[in-house]
Amino acid sequence: MKTIFEAQATNTGGRSGHVKSEDGVLDFPISMPNSKGKPDPKSTNPEELFAAAYSTCYAGAVEAVAKNHDIDDLGDFNVTAIVAFNKEEEGFFLEVTLDTYLPTVDKKTGETIIKEAHEMCPYSKATRDNITVHLNLLLDE
């Protein structure tokens, strides 16, 4: 195994605190949203940060898989990760939906790409068998 790079961030104060990356690029107050949204609109939360990271990592895997299929132009493709913070009797758990828009490929090719990307993506590997991840291919109507 060869480590390519490491990233570091530190939280102080938990879900009502602050998070900052080592390089200072990320520097946010943290607050727990409620049914009315965030108490501090400039704050973030772990689920929002996870959604940003997962959507970015998965989009990179989508690009790599497309290249493996000799597709060089994905157009204005995008990936939206929706991270749900859920509660049941046994406690809290996460669930993720990955909505992928691939405007330059047909439905069959798009479905192949999103499934293969899910196998390749490091975030998908890290969450596999731990949380439910739904894959959606978004199509133009």
Side-chain angles (χ1 to χ4, degrees), residues 1-71 73-141:
M1 179 180 83
K2 178 183 175 186
T3 300
I4 298 171
F5 70 90
E6 293 180 336
Q8 181 177 325
T10 301
N11 171 279
T12 53
R15 282 191 171 266
S16 296
H18 196 91
V19 66
K20 185 175 181 179
S21 62
E22 182 179 37
D23 62 6
V25 171
L26 301 178
D27 191 353
F28 300 113
I30 302 290
S31 65
M32 181 69 169
N34 56 37
S35 62
K36 296 176 183 154
K38 297 178 196 174
D40 175 357
K42 293 186 179 185
S43 69
T44 190
N45 56 69
E47 294 70 34
E48 194 170 58
L49 293 168
F50 184 56
Y54 200 164
S55 65
T56 301
C57 188
Y58 185 75
V62 165
E63 289 178 304
V65 168
K67 284 188 193 316
N68 289 345
H69 287 274
D70 297 321
I71 299 167
D73 181 16
L74 287 175
D76 261 346
F77 88 100
N78 64 63
V79 175
T80 300
I82 301 113
V83 177
F85 184 77
N86 301 313
K87 184 179 180 183
E88 61 186 1
E89 287 183 21
E90 292 83 36
F92 299 100
F93 68 98
L94 298 177
E95 185 173 6
V96 175
T97 300
L98 295 171
D99 287 342
T100 306
Y101 175 61
L102 301 173
T104 64
V105 300
D106 60 56
K107 182 179 178 185
K108 183 178 177 187
T109 303
E111 288 174 345
T112 298
I113 290 171
I114 67 171
K115 288 176 187 170
E116 289 181 18
H118 188 52
E119 293 301 313
M120 174 190 284
C121 173
Y123 276 71
S124 292
K125 289 179 182 179
T127 60
R128 190 160 288 123
D129 299 324
N130 293 312
I131 65 174
T132 300
V133 177
H134 306 279
L135 303 177
N136 292 327
L137 176 63
L138 304 180
L139 303 170
D140 288 324
E141 292 189 28

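Under a cutoff of 6.0 Å and an axis angle of 45°, Arg15 and Phe85 form a cation-pi pair.
In this structure, the side chain of Thr127 does not engage the main chain of Ile131 through any donor-acceptor pair within 3.5 Å. For Thr104 (side chain) and Asp73 (main-chain N/O), a donor-acceptor pair under 3.5 Å exists by modelled atom type. Judged purely by atom type and a 3.5 angstrom limit, Ser21 uses its side chain to pair as donor or acceptor with the backbone of Leu26.
Here the side chains of Leu135 and Thr100 are not in contact, with every heavy-atom distance at 4.5 Å or above. Contact of the Glu6 side chain with the Thr3 side chain is registered, since non-hydrogen atoms from C-beta on lie closer than 4.5 Å. Within the 4.5 Å cutoff, no side-chain heavy atoms of Phe28 are placed close to those of Ser43. With contacts defined as side-chain heavy-atom distances shorter than 4.5 Å, the pair Thr112/His69 qualifies.
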Give the table of side-chain donor-acceptor pairs shorter than 3.5 Å for residues 48-62, with sequence neighbours excluded, one pair per line with atom names and distance.
unit_1	atom_1	unit_2	atom_2	d
Glu48	OE1	Lys38	NZ	2.9
Glu48	OE1	Thr44	OG1	2.6
Glu48	OE2	Lys38	NZ	3.0
Tyr54	OH	Ser124	OG	2.8
Ser55	OG	Ala51	O	3.0
Ser55	OG	Ala52	O	3.1
Thr56	OG1	Ala52	O	2.8
Tyr58	OH	Ile114	O	2.6

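To the nearest 0.5 angstrom, Asn78 atom CG is 7.5 Å from Leu138 atom CG.
Between Val65 and Met120, the shortest heavy-atom contact is CG2-CE, 4.0 Å. When all heavy atoms are compared, the tightest approach of His118 to Val133 is CE1-CG1, 3.7 Å. Of all heavy-atom pairs spanning Val25 and Asp23, the tightest one is N-OD1, 3.0 Å. For the residue pair Ser31 and Asn45, the shortest heavy atom distance occurs at O-CB, 3.6 Å. Nearest heavy atom pair, residue Asn86 against residue Leu94, reads ND2-C, 4.3 Å.
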Working note: Thr109 + Ile71, criterion side-chain contact (heavy atoms from CB on, under 4.5 Å); need CA distance, chi angles, decisive distance, verdict.
CA-CA 10 Å; Thr109 303; Ile71 299 167; 3.6 Å; yes

**Request:** Check the pair Val96, Thr132 against side-chain contact (heavy atoms from CB on, under 4.5 Å), reporting the backbone distance first and the verdict last.
**Result:** CA-CA 6 Å; Val96 175; Thr132 300; over 6 Å; no

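Residues Asp76 and Tyr101 have side chains that never bring a donor and an acceptor to within less than 3.5 angstrom of each other. Under the 3.5 Å distance criterion, with hydrogens and angles disregarded, no donor-acceptor pair is assigned to the side chains of His134 and Asp99.
Listed by first then second residue, pairs satisfying salt bridge (charged side-chain N to carboxylate O under 4.0 Å, His left out) with a partner in residues 111-138 read Glu119-Arg128, not counting sequence neighbours.
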